[in-house]
Each structure stands twice: as C-alpha cells, then as structure tokens.
Amino acid sequence: MTTADGAPAVPIADLFIDGKWCEGATGERFPVTDPSDGTTVAEFAVASDADCDAALEAAASAFPAWSATSPRARSEVLRRAFEILTAEADILAEIIVRENGKAWSDARAEATYATEFFRWFAEEAVRVPGEYRLSPAADKRIIVTHQPIGVSVLITPWNFPAAMATRKLAPALAAGCTTVLKPARETPLTAAYIVDAIARAGVPAGVVNLVTPKASGPAVTRMLAHPAVRKLSFTGSTEVGRTLLKQAADRVVSTSMELGGNAPLIVLPGADLDMAVEGAYIAKMRNGGSACTSANRFYVHDSLHDDFVEKLGNRLAAVVVGSGLDPANEVGALVSLYERDKVAELVDTAVGEGARVAVGGTKSETGAFYAPTLLTDVRHGSTINRSEIFGPVSAIVRFTEVDEAVSLANDSEAGLMAYVFGEEGQSIRLAQRLNAGMVAVNRGVVSDPAAPFGGTKQSGLGREGSSEGILEFLETQYIAVDA
Ligand code: NAD
C-alpha cells in the first residue's frame, strides 16, 4: 500500500520536532500494540525532557512568522491537509484500526470526520470576527480584534486518535498558533500520520511538533511550566483534566477542557420504538461504546420498557464482533486488556447490585473484546449508572413520570451529552431542561465539525468545532481610538 503521492505506507513512529522526524535523545522506544491480538504494530520513539523542550522551543521560534502569515495562506495549508487525508482516508483508517482496535466502519467514519476539521477550519481561518463601533459616550471608537494566543500544547486521548488531534490542530493553526501535540501512548501512530500530512501540506518547520514522553504526568507538568506555553487544549478523563487545570493555574495558562461524559438517553412515552432502538444502538455502539458521547444511562418509560429491551437486545445479540481489519465485523476490540477488564468489572459489580444480564456479559479469551451487553433492572445511583462505562454495555433504568426522567438525567456531575427520543416538540422542550452541552433528539449521533462540541459541569470548559473552536486559540484585544 502506498500514499497518494507514492510514499510507502509504513507507520511513522518517530518524534516530529522543528520540521524533522527524529528519534528521541535517549534512543529508547515503546511498543504500540494491536489490541485485537496483542501483536506489536510498531516501536515508537520515547520523547525525553530535552525533546519536549526542543519541541516547545521550535514552536516558540516559529510563532512570530506563522502568526504573521495571512489567514488565506494558513487556510490553504489546511485545505491541502484536507485534500491529502481525503485521498488517504483508507490508510488513515487502517492505522487507527491497528493501534486502537475499533471496527473498520468506525475507523473509516473517524478518518472522514477527522479530515473534515481541516476543511472546516480552512474556511474559518478567513472569517475571524471583529468589531468597530462608537462608544456610548461618543468619546472614542472601540475596535475589537483577535490575536493568536501563542504556543499551544495539545493533549489527546486514544478513543478518537485522529479526530481529537485534528479538532485541536486545525483551529490552532487557523488562528495562527504553533503547537506541540502529545497523543495518548496507546495511539501515537495515527497522530504521527496526521502530523506528516500537515507537513506535506506545507506547514513551516516548528509550527507543528509531536512528542510522546514515557510518562505523561511529569512530562506535561514540565511542559506547562515552560515560559513559552500560553495554551493547553486537553481531551481526556475528568480526573486528569482536573489535575491539569491546577497545574495550568501556576502560570495562568489558558485552558480548553473536553472531559468525560455519562450521557443519559431518555425514551419518552409516545416515542417511535424502532427509531428509539436504532438511535440507542448507534448512541451506544458507535466506536464500540468508547466515546465520551456514548449513551451510558438509559432511562426508558414504563410503557415502552419491555418492547425496547426486547428489540435492542435482539439487535445487540446479532452484532458480529471481531478484528477491525475485517470490514464485516461491526464491533472491534477495546483499546487494551486493561480497558476490557474495567468494563467486565463494572458489569460484575452491576450484577452484584441487582442488575440482570439480558444479553452478553462475557469477555474474550484472547484479544481485548467484550460482548455487546444489555443490563436490565439497573438502579439509578448504582455504580455502573454513576460510571463512564466506555464499552459496549447498555444499562437500562425504568421510569414512570417525565419530570422524574429529567431529574434522574440531570443527577450527575457529567454534562457532556444527552439523548431524547419522543414526539419532536416535547423532546426539544425537554432537551432545554437537560444540563448537557449537547442533546440529540431522535438521533444517535451529534458530532459535526460545524457544530459546537463540549460539555457543562465536570465535562469540560470551552467548545471545539463550529465558529467557537477557533476562538479558543485567540485572545480578544480592544483598541481605543479617539472619536
Ligand atoms: P486520559 O485522561 O487517561 O488520557 C488523555 C490524555 O492525557 C492522554 O494523552 C494521556 O497520555 C494523557 N495523560 C494521562 N495522565 C496524564 C497526566 N497526569 N498529565 C498529563 N497528561 C496525562 O483519558 P483516556 O483514557 O485516554 O481517554 C478517555 C477519556 O477521554 C474518557 O473520560 C472520555 O470521556 C474522554 N474524552 C472526552 C472527549 C470530549 O470531547 N469531551 C472526547 C474523547 C474522550
């Protein structure tokens, strides 16, 4: 297999610093594993403290020139990255499958979704808003403009290794910022492929850097203390996000935080049952359940409960699970045996707390697979109901009053995503009562580069995508001029 311009499609497994691929200063490497069979996909370079410093300094040196390029020039680099990755979407999807384990259809959808952020922010780069107006006292003109914030550290998780990287890189570059990307240790190959595509699109040396330290905690603490860093954009767990917010406070580094979810999915009386079952299936099983937006807590009205359980159960029981390299498999592996065992433990705990396994409930002998699972008789407030499952497990709670469903849904410290199935007008009115940054009405997926993605409460701060995403990388500047 070769790339569109003829380069061999061997995964890149090096650091990218100041426009060059390089081994880390120590020459050390760590294995990247295929979770479906435990084989080593590549040995990736470890970034030492010196490598992380070099990446930050390259980003700092590149900032004055990159921030001074025209918005059109930055837009065109992003557009070329969009075109390169569109042509190479199958290669990108294969890398995602190899190191993350997800199903081919999920990986291919992610490749497209990830690439769209380059197109979207190529279009946003030339549309940064500003203001020019007379003050109320007519003593001056108020000019409001935006400046790129500066060197940005971008930290991404393993569950969407391509899309979480492009959702940060594209707006940062569009805004005129320079970047150091630190991907998850499980999925650095996808990040490296994307960085290479941006380099091939013509981004100048130092504007995009990639580092993979051995231990993220100490390395990121050190990076945030570096005087060049002005921005931290993080996607990952609430626990790590909270730690990073405290660390960012020391130098008052601007932060954007996309953190964990625990999405409720409400099926109202009067919902179209088939639509609810299909939507619930997608909301749960997209990405094998390893999505921050995954439906986690199902609240189903008494009048539809038994039929919903039966239909969703039949759908889940028929799912074909297996390696993502075979497109016939609908659900792939979890990212690691550790994640698989965490899901298994949550199901065991749920059963201990009174839940009943209607479908699934088993883990694979080999490979990080967990069977699509349906739990009934789950109690609101039980361990599984309070946890972000991050696997293919649907946990059903029955309700009788609509107001009760709203308060159960809102009874969580997470506020990223919610789903409502029911008559459209009633569902939209109910959506407005939910404490969630995003609500899907009668559909199982919301993600779109053109829409604001982000959470309330402990699910995060700030928004990615849409016209808001670029503002996360810009500072507002007010200039006063005599009237
Ligand atoms: P994680 O928090 O363990 O790791 C995320 C990133 O932070 C990785 O790059 C990791 O190496 C790094 N990291 C880990 N410990 C760190 C530390 N002490 N200091 C600095 N960096 C550290 O999360 P994960 O397990 O990779 O991803 C799953 C989580 O991400 C879930 O909670 C999920 O909901 C969340 N997520 C949120 C969104 C969103 O947009 N809100 C999107 C995807 C995933």
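Just the heavy atoms: all of them, side chains too, but no hydrogens, waters or symmetry mates, feed the values below. Only a predicted model underlies this, so the values are computations on that prediction, with no experimental measurement involved. Just follow the structure's listing: the first ligand is 1, and inside any ligand the first atom is 1.
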Under 4.5 Å between any side-chain heavy atoms of Pro372 and Val321, yes or no? yes
Does the structure place the NZ or CZ of Arg463 under 6.0 Å from the centre of the six-membered ring of Phe453, at an angle of no more than 45° from the ring's axis? no
Aromatic ring pairing Trp158/Phe390, orientation class (parallel under 30°, perpendicular over 60°, tilted between): perpendicular
Heavy-atom contacts with ligand 1 below 4.0 Å: which residues, ordered by chain and residue number? Ile155, Thr156, Pro157, Trp158, Asn159, Met164, Arg167, Lys182, Pro183, Ala184, Ser216, Gly217, Val220, Phe234, Thr235, Gly236, Ser237, Val240, Leu244, Glu258, Leu259, Gly260, Gly261, Cys292, Glu388, Phe390, Leu416, Phe453
Output every pair passing salt bridge (Lys or Arg N to Asp or Glu O under 4.0 Å) with a member in residues 101-115, not counting sequence neighbours, ordered by first then second residue. Asp90-Arg108, Lys102-Glu110
How many angstroms lie between atom OG of Ser105 and atom CZ of Arg286, to the nearest 0.5 angstrom? 11.0 Å
Find out whether the Lys NZ or Arg CZ of Arg315 is both under 6.0 angstrom from the six-membered ring centre of Tyr281 and within 45° of the ring's axis. yes
